[in-house]
Every structure is written in C-alpha cells, then in structure tokens.
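These notes are about the structure you will find just below.
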Amino acid sequence: MFTFGKPIFGKLNNFMKILFSFLIIFNPVVIQQMFTYYNDFLVYCWFMVLLFGFFNIETSEEIKKTDLFLIFASSVILCNIKLGGLFYTLLLLILYGIYNLIVKNKTKFILSLKMFLGVLTVVVITGINPYITNLKDGYNVFYPLAGSAKIDNITYNMPDAFQKQSLPQKFLYSTFSKSSNSIRAYRNIQIKIPFTCYEAEFNSFLYPDTRIGGFGCLWGGIMILSLFLLRYIKKEDNRENKIIALIFGIFFFISYNS
C-alpha cells in the first residue's frame with residue numbers, strides 16, 4: 001500500500017491501494033501453491049518485495065535504510081529458497097546496475113555494486129547447503145540443474161506438444177492456449193480467443209502445477225491489454241516512464257522464461 005501511495009500512481013484511495021496489492025500477491029500460482037510443499041509462490045512473493053524495494057528507491061527523493069534492508073534481506077532469502085530465485089535475484093541486481101550506468105547515476109551504481117557483492121558474500125555463507133555442499137560432494141555448484149550429473153526435470157514434465165518447439169513458440173502457445181495440467185495426453189495445442197474461459201480449464205487448477213496457461217485462463221488477454229495500455233501510460237517525468245517500461249520488461253522476461 002505504501003508503494004501505491006506514491007505520486008507516480010496518481011491519487012489512489014485506500015480501497016484501490018488494497019485492491020492492487022491483493023491482485024499482485026494473490027495470483028493463480030500463489031493461490032494454488034499456498035497450501036502445498038511447493039516453494040514457487042514464495043519465490044514470487046519475495047521477488048515482489050525485492051522489486052518494490054528498488055521501485056521505492058527510484059521514486060523517492062532520498063534513499064531510505066528500510067528500502068535497502070528490504071532489498072538486501074529479500075535478495076538473500078530468494079537466493080536460498082530456490083536456484084531459480086538465485087538466478088532472478090542476481091539478474092535483477094545486475095540490471096539495476098546497468099540501468100544506473102545508462103542514466104549516469106554514479107551514486108546508485110556504486111550502491112547497486114555494493115549490494116550485489118554483499119548479497120553474493122552472504123549467500124555463500126547462508127547457502128552452504130546446497131551450494132558449498134554440492135562442491136564438497138564433487139558436484140557442480142548449481143547441481144542438480146547443472147553439471148555432468150544434472151537431473152532433467154523439465155523434459156519429463158513438458159507436454160508432448162512442446163517437445164520440439166522453440167522457446168518463443170512455447171511462450172506463445174502456453175500463454176494463449178486453453179489451461180491444462182495434462183502431460184503425455186496433451187498432444188494437441190488448443191489456442192483460444194483471449195478473455196474466454198472454458199469449463200474444462202477450471203479443472204486444471206485443482207492441481208498446484210498447471211503446465212499450460214498456468215497464470216490463469218484470462219492471462220493471455222491480460223498480457224495483450226497490458227502491452228496495449230503501456231503506450232498510454234506516460235508521465236511528465238521521463239525517468240518515471242523508464243521505470244515503468246523497465247518493470248514491464250522484467251515481468252515479460254520472467255513470463256517468457258517460466
């Protein structure tokens with residue numbers, strides 16, 4: 001709610017602040033996995049804390065220690081929850097440093113560099129298991145996802161229709177197809193009209209790892225609408241336009257690689 005109270009969002013009342021906060025946190029993936037042993041929803045929630053920490057720094061006149069603490073704490077937690085969290089966290093820290101280089105903000109660039117090195121140092125200590133343990137046992141530091149002994153969990157869980165498709169094709173078809181959780185039986189990709197829902201789709205969300213259209217049956221239409229509205233979101237401050245574009249880019253990148 002604090003973030004949505006910033007001038008960049010205009011004058012939102014408390015109801016709208018609560019509504020936007022709710023919609024961001026309680027997406028279909030979070031709701032499905034909240035009462036399971038899956039940890040993807042935790043990665044998402046802490047990534048939001050990290051992202052809004054950077055957002056608060058960029059939209060405030062001064063850098064607050066509370067925002068720095070949120071960024072540092074959420075980064076360390078993310079890196080220790082899941083290997084994917086490590087990748088996205090370090091990538092975001094690097095992107096933030098590059099962004100400050102582009103806008104020639106020396107102070108924040110040095111801050112982002114210190115944050116990156118600090119997070120990396122703490123993760124080496126707090127992430128003894130699995131990162132250091134993997135090296136001790138003779139595996140790649142990112143085992144079981146990398147190295148000669150890596151375990152391929154993706155191909156087995158991938159629907160047959162996706163086996164021979166490129167990454168862009170998988171992204172497009174999984175986004176604009178009917179939601180489904182089937183693996184081997186799902187051989188034909190069923191493209192649908194955006195913002196349409198079918199009764200059979202809702203059954204796929206009875207399980208916590210929906211493989212096709214996992215962000216919800218409305219996600220394809222929402223993505224199109226978001227990209228369409230992005231061109232109309234213009235602020236007088238050009239820096240704010242860059243921040244909004246960067247956030248949309250990050251979300252698009254994550255969706256593309258999920």
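Numbering of residues begins at 1 and proceeds along the displayed sequence. Predicted, not measured: the structure shown is a model, and the values here were computed from it. Just so you know, these numbers use all the heavy atoms, side chains as well, and skip hydrogens, waters and symmetry mates.
Side-chain contact annotation: Gln32 with Tyr38, donor-acceptor N/O pair under 3.5 Å absent.
Under the side chain to side chain contact (heavy atoms under 4.5 Å, CB included) test applied with Leu145, the options Leu83, Asn140, Ile151 reduce to a single match, Leu83.
Ring orientation note: the planes of Tyr131 and Phe142 are nearly perpendicular, at an angle over 60° on the 30°/60° scale. Between Tyr96 and Tyr99, the ring planes lie parallel to each other; the angle is under 30°, not in the 30° to 60° tilted range.
Around CZ of Phe69, the count of heavy atoms belonging to other residues, nucleotides or ligands within 6.0 Å does not exceed 12. Within a 6.0 Å radius of CD1 in Ile193, no more than 12 heavy atoms belonging to other residues, nucleotides or ligands are found. Applying the 6.0 Å contact sphere to CZ of Phe116 captures more than 12 heavy atoms from other residues, nucleotides or ligands. By the 6.0 Å contact criterion, CZ on Phe205 is enclosed, its count of non-hydrogen atoms from other residues, nucleotides or ligands being greater than 12.
Using a 4.5 Å heavy-atom cutoff, the side chains of Leu90 and Val123 are not in contact.
Contact record, Thr36 with Gln33: OG1-O, 2.9 Å, taken as the closest heavy-atom pair.
Grouping the Ile, Leu, Val, Met, Phe, Trp and Tyr side chains by contacts below 4.5 angstrom, directly or via other members, places Leu91 with Phe72. Hydrophobic clustering (ILVMFWY, side-chain heavy atoms < 4.5 Å, transitive): Phe195 and Tyr198 are in distinct clusters.
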